[in-house]
Amino acid sequence: MGSSATLFLLCLPLICFAVINNAYEVSHDGRAITIDGQRKILISGSIHYPRSTAEMWPSLISKRRFIKTVQSEGLYALLRIGPYVCAEWNFGGLPVWLLNMLNMQFRTKNDAFMNEMKNFTTLIVDMMKHEKLFAPQGGPIIAAQIENEYGGAYGEDGKEYIKWCAQLADSYHIGVPWLMCQQPDAPPPMLNTCNGYYCDQFIPNSNNTPQIWTENWTGWFKYWGMPNPHRTAEDLAFAVARFFQFGGTFMNYYMYHGGTNFGRTAGGPYITTSYDYDAPLDEYVPAWSVSILPDCYTEVYNTAKVNAQTSIMVKKENETDDAKESSALKWQWRYEPHEEMINFTAHGSNLTANKLLDQKIVTNDISDYLWYITSVDINKTDLIWDKEIKLRVNTTGHGLHAFVNGLYLVIQLQPGKNNIALLSSTVGLQNGGEYYEDVEVGIHGPVELVADAGNNETITKDLSTNKWIYKTGLQGERYEFYNPLKIQKEEWIGDDLPSNKSFVWYKGQAWVNGKSLGRYWTSYLADQNGCSSTCDYRGAYSASKCMTNCGEPTQRWYHVPRSFLHDDGDNTLILMEELGGSPYNVMFQTVTVGKACAHSYEGQELELACQGERVISEIKFVSFGQPEGECGSFEKGHCESPYAISVIKKKCLGKGSCSVGISEKELGSTGCMVGQNRLAVEAICDTKVNER
Ligand SMILES: *[C@@H]1O[C@H](CO)[C@@H](O)[C@H](O)[C@H]1NC(C)=O
Ligand SMILES: *[C@@H]1O[C@H](CO)[C@@H](O)[C@H](O)[C@H]1NC(C)=O
Ligand SMILES: *[C@@H]1O[C@H](CO)[C@@H](O)[C@H](O)[C@H]1NC(C)=O
Ligand SMILES: *[C@@H]1O[C@H](CO)[C@@H](O)[C@H](O)[C@H]1NC(C)=O
Ligand SMILES: *[C@@H]1O[C@H](CO)[C@@H](O)[C@H](O)[C@H]1NC(C)=O
Ligand SMILES: *[C@@H]1O[C@H](CO)[C@@H](O)[C@H](O)[C@H]1NC(C)=O
Ligand SMILES: *[C@@H]1O[C@H](CO)[C@@H](O)[C@H](O)[C@H]1NC(C)=O
Ligand SMILES: *[C@@H]1O[C@H](CO)[C@@H](O)[C@H](O)[C@H]1NC(C)=O
Ligand SMILES: *[C@@H]1O[C@H](CO)[C@@H](O)[C@H](O)[C@H]1NC(C)=O
């Protein structure tokens, strides 16, 4: 779905200084990428650096247990430049101002686009060269990508464009292979690669191109209104085994760590603020999460027995002193001062036009909000006078608020000038699809006053070609109400805290401090249907297969990175409530690994681990025999060893992590007559050991 563009860029020094310093040669044959002439099996993981904070990068990159097999050889980087990245990123990663350039058309044989693309790509490649980050310079970059999931939808011009992309890439002489993902007609020497849940049937377009899986989707992203998608480790392991079995040599986890769509970066429309992606390292990055042990690569024929540990994250109130303080949020508030807008004035407008304009074209996407303001003269001889009147607005979204003569969603016309102010809001711009840049947002009309004339007849007054005044953004955005350093204390109200009121800015003494956590949408419930309490990994995976959270708010928790907080405990949280909610229900919690679950088969090792200072404080479940079910709902089978529990307790209680060899010798005879013995354990992680 997306590439990482320059996203690996800032991670690179962290990788390369640790392990790589001499020049080495990267090439390929039809079987594999070769490094200094040796064929390599490459396993990698995507991290989009802007979806976490700089402070999180070192720990993200050090958590590479799942690529233990390549760790000893050092980490490499695949630089996916794009510049179009899709990635569920706002507008696919391209800036909206680009669209406002003369004769612009994205991603095809278009001079304006190709100029800008060349400019950007050159800039990135030059930066990399300057920092000596390509393999022949001793850096970690062993491959790069141009364009992303282009395919063949743009006809002859598209084919020419792809050829041009290839020539451009080739002209940089970076000394490592260039990839084009999902590009069956990738011109040599570009290597075409596969993205998807399964890539075992993928055949590259040249005998000289190895099988490369640039995006191994570990899960899926989420829309507002969608339950949480999950992909089981078993199904992923099955997919890998098949890929390698059929000749694959390079695969990348998409995502390894998904992260957060901070600010207004979520694409869409309607992609959530969380980009957790059900990835091995979750949005909050515990020390340990779902770890796929190297065994799954060797155990090609039995991926249903993948050895996995699952950490169940729990959210705790009052975990730290900071959190304790923040539990008691002190709120202040003020209304969004939009009187000026709803009272019609061209003063300070961004633009006037005698037609309805596309929202992103006017705003350049510097805000989610655009006011469309007009006025209409009505007198008592007018046919629609004293009729029941409706305002009919045909909008391409994503949200709309209407004010007539200053009143919200109420239409009371008066003789003379009547002011109509429409506030349109977007929830992430389209990030993919052919000609995606042409997808309209905002009010394209018609905008009409409609009166019922009786006898099934209506009278309409079309306002679409009126003089419209455009104003980008909310007043509160303009005055930076979200910035604690800029707000005037005396303008905020300490009492009579309103709830269930739209367009209110709330301020509570807490966290965040002017850094945006992303959009929130508390009342948006996920679909009632499609969830199941158990998840059968068998059969082909799709995003709708193993869903949870049906009928619940799509996203209840928003990630507040540690680095957003002030040490002195004086933190400010500011919310702008567009629709009407209650700040009394806002709370802060700390996320930690609360439970560690693991299951594995005889002949393997089972590992359990907690996070940070925590230790395994309690063993909730142990069964060595034929246990069934998933973490949190394991059940004993018809046979098991009665000794296993005491062995596990002895090895694990009070420890940060433990590992147990799985055999009857170690854990006692199970007496099971059929099937291979399996060990399942569920443990609680806590700061102190529970004497039970
Ligand atoms: C890219 O565009 C910028 C701004 O227009 C210009 O200053 C710069 O010279 C261009 N760089 C290249 C490599 O074309
Ligand atoms: C895809 O990722 C999963 C873990 O997320 C892993 O189990 C599987 O082996 C990977 N596939 C390949 C081909 O490496
Ligand atoms: C957390 O602390 C707040 C404020 O001290 C208190 O009101 C609340 O009950 C505490 N919650 C828990 C679960 O202890
Ligand atoms: C609208 O403008 C009129 C005239 O300038 C003013 O008297 C009135 O208070 C304004 N209304 C609001 C809601 O600001
Ligand atoms: C257009 O809107 C932006 C964003 O609110 C603002 O900064 C700018 O000053 C506006 N332009 C004019 C002419 O008012
Ligand atoms: C009333 O409105 C109609 C239609 O806009 C216009 O033709 C007419 O001149 C107006 N009459 C007065 C008295 O303003
Ligand atoms: C509403 O807008 C859409 C998209 O611009 C357009 O296709 C449709 O025809 C419009 N509907 C009416 C009734 O004009
Ligand atoms: C109004 O339209 C409805 C449905 O089209 C029809 O059943 C009804 O007879 C009409 N009424 C009049 C007064 O024309
Ligand atoms: C919020 O306000 C709306 C309209 O003012 C009302 O219909 C709704 O019941 C209110 N909700 C709550 C939770 O008070």
Side-chain angles (χ1 to χ4, degrees), residues 90-92 94 96-101 103-108 153-154 223-225 264 266-271 349-376 378 382-384 387-404 408-409 411 413 418 420-473 524 578-579:
N90 190 50
F91 218 42
L94 297 179
V96 173
W97 55 256
L98 206 57
L99 189 60
N100 273 327
M101 294 177 77
N103 299 326
M104 175 58 71
Q105 200 184 0
F106 286 10
R107 305 178 71 205
T108 187
Y154 289 73
Y223 290 101
W224 297 106
R264 303 173 47 255
Y270 305 121
I271 286 174
S349 80
N350 283 86
L351 193 67
T352 59
N354 290 325
K355 58 179 177 182
L356 291 159
L357 298 171
D358 186 80
Q359 178 159 348
K360 64 181 173 309
I361 298 291
V362 178
T363 63
N364 254 330
D365 198 38
I366 63 161
S367 166
D368 276 0
Y369 298 95
L370 177 65
W371 287 96
Y372 290 75
I373 303 163
T374 193
S375 71
V376 53
I378 306 271
D382 211 300
L383 281 176
I384 68 168
K387 302 258 175 1
E388 177 84 0
I389 294 172
K390 291 193 179 105
L391 177 66
R392 190 159 66 195
V393 180
N394 187 21
T395 178
T396 53
H398 308 138
L400 184 71
H401 301 273
F403 300 81
V404 177
Y408 184 56
L409 298 178
I411 302 172
L413 295 182
N418 289 271
I420 294 175
L422 305 174
L423 178 63
S424 175
S425 69
T426 50
V427 188
L429 298 182
Q430 188 82 17
N431 59 267
E434 294 103 44
Y435 306 104
Y436 77 91
E437 74 271 27
D438 296 336
V439 173
E440 297 175 338
V441 285
I443 304 168
H444 282 256
V447 176
E448 298 159 316
L449 288 173
V450 183
D452 182 358
N455 296 329
N456 283 353
E457 303 243 332
T458 53
I459 309 164
T460 46
K461 219 178 180 42
D462 193 340
L463 311 179
S464 307
T465 55
N466 268 30
K467 178 180 166 195
W468 288 91
I469 297 176
Y470 294 88
K471 178 97 183 180
T472 297
Y524 214 120
E578 186 180 332
L579 300 171

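Whatever order the structure lists ligands and atoms in, that order sets their numbers, starting from 1.
- Around the OH atom of Tyr270, the shell of radius 6.0 Å holds more than 12 heavy atoms that belong to other residues, nucleotides or ligands.
- What sits closest to atom 6 (C) of ligand 7 on the protein, heavy atoms only, is Asn394 ND2, 4.1 Å.
- For atom 2 (O) of ligand 7, the nearest protein heavy atom lies under 4.0 Å away.
- The protein atom (non-hydrogen) at minimum distance from atom 5 (O) of ligand 7 is Glu440 OE1, 3.4 Å.
- In this structure, atom 14 (O) of ligand 7 lies nearest to the protein heavy atom Pro446 CD, 3.2 Å.
- Residues Tyr436 and Phe91 share a closest heavy-atom pair of OH-O, 2.9 Å.
- Here the closest non-hydrogen pair linking His444 and Thr396 is CD2-OG1, 3.6 Å.
- Here the closest heavy-atom approach between residue His401 and residue Glu578 is recorded as NE2-OE2, 2.7 Å.
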